[in-house]
Amino acid sequence: MPKEKAPKRAAKTRVQKKKKDPNAPKRGLSAYMFFANEQRENVREENPGISFGQVGKVLGERWKALNKTQREPYDAKAEADKKRYEDEKASYNANDEEEESA
DNA sequence: CCGATGATTGTTTAT
DNA sequence: ATAAACAATCATCGG
């Protein structure tokens, strides 16, 4: 039996998360974001005049419809994006102790 | 090391 | 500006 993780992620932008990190470096994006960026126009093009509900859905459908091979470019971006976030985090760490004295 | 959590990211559309 | 479907993520924390 598959291990049940914990699908406890509310579906609504977390509403102003709590305050934990001083600079909150915000992680990077996700493959879906990159993929959606490209498909969004495509999907909408094939679905002339559909509502967000449809677009968003068909978007996800196609997303997985791709083979990991196609995810490569998106995954690659997500990967690079993560690195980007790593950078902020790095700076966020560096500042963690020292204050920004101008 | 492992596991669980939370926080976040971006799109679309509509109000 | 925000909300919700859609998906990934994956960094962080703690023992």
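To find a chain, count down the sequence lines: A is the first, B the second, and so on, and within it residues start at 1.
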Checklist entry - Distance check: side-chain N/O of A:Arg71 vs OP1/OP2 of C:dA8, anything under 4.0 Å? => result yes
Nearest to the side chain of [X] - [options]?
X: A:Tyr85; options: C:dA8, C:dA7, C:dT12; result: C:dT12
X: A:Lys64; options: C:dT12, B:dT8, C:dA7; result: C:dA7
X: A:Lys89; options: C:dT12, C:dC10, C:dA8; result: C:dT12
X: A:Tyr32; options: B:dT9, C:dA7, B:dT11; result: C:dA7
X: A:Lys82; options: B:dT11, C:dA7, C:dC10; result: C:dC10
X: A:Asn37; options: B:dT11, B:dT9, C:dA8; result: B:dT11

Can you tell me the distance, in whole Å, between the [atom1] atom of [X] and the [atom2] atom of [N]?
X: A:Glu88; N: C:dC10; atom1: CD; atom2: P; result: 14 Å
X: A:Asp81; N: C:dA7; atom1: CG; atom2: P; result: 20 Å
X: A:Phe35; N: C:dA5; atom1: CZ; atom2: P; result: 19 Å
X: A:Met33; N: B:dT11; atom1: CE; atom2: P; result: 8 Å
X: A:Asn42; N: B:dG10; atom1: CG; atom2: C1'; result: 17 Å
X: A:Glu86; N: C:dT12; atom1: CD; atom2: C1'; result: 13 Å
X: A:Gln39; N: C:dA7; atom1: CD; atom2: P; result: 14 Å
X: A:Gln70; N: C:dA7; atom1: CD; atom2: C1'; result: 17 Å

Next on the checklist: Which is more 5' along DNA chain B, the nucleotide nearest A:Gly28 or the one nearest A:Ser51? Just name the residue.
Outcome noted: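 Of the two residues, A:Gly28 wins.
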Next on the checklist: With a 4.0 Å cut-off on N to O distance, would you call A:Glu79 and A:Lys83 a salt bridge?
Outcome noted: yes
Item to check | A:Asp75/A:Arg71 salt bridge by N-O under 4.0 Å criterion | outcome: yes
Checklist entry - With a non-hydrogen cut-off below 4.0 angstrom, is A:Asp75 in contact with a base, only sugar-phosphate, or nothing? => result sugar-phosphate
Next on the checklist: Within the 4.0 Å heavy-atom criterion, would you say A:Tyr74 contacts the bases, only the backbone, or no part of the nucleic acid?
Outcome noted: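 Here A:Tyr74 touches no strand at all.
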Item to check | A:Asn37 side chain to A:Met33 backbone, donor-acceptor under 3.5 Å | outcome: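 Side chain of A:Asn37 to backbone of A:Met33: a pair is present.
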Checklist entry - Is the number of heavy atoms from other residues, nucleotides or ligands under 6.0 Å of A:Arg62 CZ greater than 12? => result yes
Checklist entry - So which one's nearest nucleotide on DNA chain C is more toward 5', A:Leu29 or A:Trp63? => result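 Upstream on the strand: A:Trp63.
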Next on the checklist: Please determine whether side chain to side chain donor-acceptor pair (under 3.5 Å) holds for the pair A:Gln54 and A:Ser51, giving the CA-CA distance in whole Å, both sets of side-chain angles, and the decisive distance to 0.1 Å.
Outcome noted: CA-CA 5 Å; A:Gln54 281 33 265; A:Ser51 31; 2.8 Å; yes
